[in-house]
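Data block below; observations after.
Not measured: the values here are computed from a predicted model.
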Amino acid sequence: MITELYSNSIYMLLTILLFALAFDLLIGEFPAKLHPVVWIGNIIIFFKKYLIGYDNKISGLIVSICVIAVSSLVVLVPMLIIKHFMYINDGMIYLFKLAAILLLSSTFSVKLLLDSARDVENDLKNNNLNKARQAVSYLVSRKTSELNKEHVISAVIETLTENIPDSYVSTIFYYSIVGIIAFLLGFNDFTIVILAILAALIHRVVDTIDSMLGYKTDELYNIGFVPAHLDDILNYIPARISGYLIIISAAFLALNWRGAYYIMGRDARNCDSPNSGYTMATVAGALNIQLEKEGVYTLGDNLHPLKVECIDKAIDIARLSIFLITIFFFFVFMDLILLQL
């Protein structure tokens, strides 16, 4: 009985992950009115409105705690209600799994990440630099209206690779690790799934708070200080995992994996963020290119010119890195299932 229970919990974690990824790749983002991240954004705006006036770093801590708490309740309450009714009606298990799949899918953005980079690439292939600049402006914080073609290519590769951890790896890391820990601690199968989904959601909440408040402007510096550092802490391990995933991907794609490893070690700390350089610099090394945000950082060596084809190669690296981390946790989950047989 215990073996069946534990096997079922891990099996559910695995199938929910695979179906959530499939949903994201095939369907993409939820409509804005239904998207949990949009709801999170509205919660952030609500608390920001009342706390930004205090203009101290404690306000950012309070915002983080409040938004995490409210967002967690929005997920926990319906899932616990569904869990309760499963004891009355066995058919509710399918609603529970569907809710888990949709919630997990909402915490990552693989299709949006890859499609956004592809759109810029297509604009440049069609010699529409102004349209490419406008598309990039939605992805980066820098001013894009005067960027030349090379800087547009650099910007899209930077944002694509910087978001490999944020858009997928970090979320799946916490979903899987928390699920496995809950499994090892002996929680029941549905509680394990709820805790894993909650871990993925909390990472997405922190990432969203950072993306809205974590800027060094006069208005946001104090209120954004804690969210920015909390996001750095949560992404610290996944960012470095992502760097090594990129090196492995470069090897599979017959790119310069040795250069990727070397440049990661040399340039990853050139960025203000303690994490973003571990993916951006590694891709720069793999492609033998130099990525630059003028006046902020330079990553890699200018061995090859920045061409539109570099975006395509960066997309291939990102796609394969996402596949590799998924396969890794697939085998971890499968090993845990087999151990219970």
Any heavy-atom pair between the side chains of [Y] and [X] that's under 4.5 Å?
X      : Y      : answer
Leu220 : Ile52  : yes
Ile65  : Ile62  : no
Ile289 : Ile157 : yes
Val38  : Phe30  : no
Ser145 : Arg133 : no
Leu124 : Ile311 : yes
Ser72  : Ile202 : yes
Lys83  : Ile194 : yes

| request: State whether Phe225 and Lys57 meet the cation-pi test: NZ (Lys) or CZ (Arg) under 6.0 Å from the six-membered ring centroid, and within 45° of the perpendicular axis. | output: yes

| field | Geometric cation-pi criterion Arg258 and Tyr262, 6.0 Å radius, 45° cone | value | no

| task | Starting from the C-alpha separation in whole Å, work towards a yes-or-no answer on side-chain hydrogen bond (donor to acceptor under 3.5 Å, both in side chains) for Asp166 and Asn235. | result | CA-CA 8 Å; Asp166 290 342; Asn235 284 318; 3.1 Å; yes

| Stepwise side-chain hydrogen bond (donor to acceptor under 3.5 Å, both in side chains) test for Asn188 and Thr191 | CA-CA 5 Å; Asn188 72 59; Thr191 302; 3.1 Å; yes

Strictly distance-based, threshold 3.5 Å: is any side-chain N or O of [X] a donor or acceptor partner for the main-chain N or O of [Y]?
X      : Y      : answer
Arg204 : Pro36  : no
Thr279 : Ser276 : yes
Ser71  : Ile68  : no
Ser170 : Pro165 : yes

| query | For Leu14 and Phe329, what are the C-alpha separation, side-chain angles and deciding distance, and is it a side chain to side chain contact (heavy atoms under 4.5 Å, CB included)? | reply | CA-CA 8 Å; Leu14 175 58; Phe329 281 115; over 6 Å; no

| query | Do Asn256 and Leu287 pass the side chain to side chain contact (heavy atoms under 4.5 Å, CB included) test, and can you show the C-alpha distance, the side-chain angles, and the key distance before you say yes or no? | reply | CA-CA 6 Å; Asn256 187 3; Leu287 300 181; over 6 Å; no

| request: Evaluate the criterion side chain to side chain contact (heavy atoms under 4.5 Å, CB included) for residue pair Thr326 and Phe323; output intermediate values, then yes/no. | output: CA-CA 5 Å; Thr326 306; Phe323 174 77; 5.7 Å; no

If we ignore angles and hydrogens, is there a donor and acceptor under 3.5 Å between the side chains of [X] and [Y]?
X      : Y      : answer
Ser321 : Ser249 : yes
Tyr138 : Gln134 : yes
Glu158 : Tyr297 : yes

| said: Could you check whether Lys293 pairs with Asp272 (Lys NZ or Arg NE/NH1/NH2 to Asp/Glu carboxylate O, under 4.0 Å)? | reply: no

| said: Restricting to salt bridge (charged side-chain N to carboxylate O under 4.0 Å, His left out), what partner residues turn up for Arg319, sequence neighbours left out? | reply: Asp316

| Hey, mind stepping through Asp210 and His229 against side chain to side chain contact (heavy atoms under 4.5 Å, CB included) and telling me if it holds? | CA-CA 9 Å; Asp210 176 55; His229 283 76; over 6 Å; no

| field | Shortest non-hydrogen separation from Pro78 to Leu73 and the atoms involved | value | CD-O, 4.0 Å

| request: Take Asn222 and Asn56 through the test side-chain hydrogen bond (donor to acceptor under 3.5 Å, both in side chains) and record every step on the way to the result. | output: CA-CA 5 Å; Asn222 280 326; Asn56 58 56; over 6 Å; no

| request: Could you please spell out the steps behind the salt bridge (charged side-chain N to carboxylate O under 4.0 Å, His left out) verdict for Glu309 and Lys313? | output: CA-CA 7 Å; Glu309 292 75 17; Lys313 292 178 181 178; over 6 Å; no

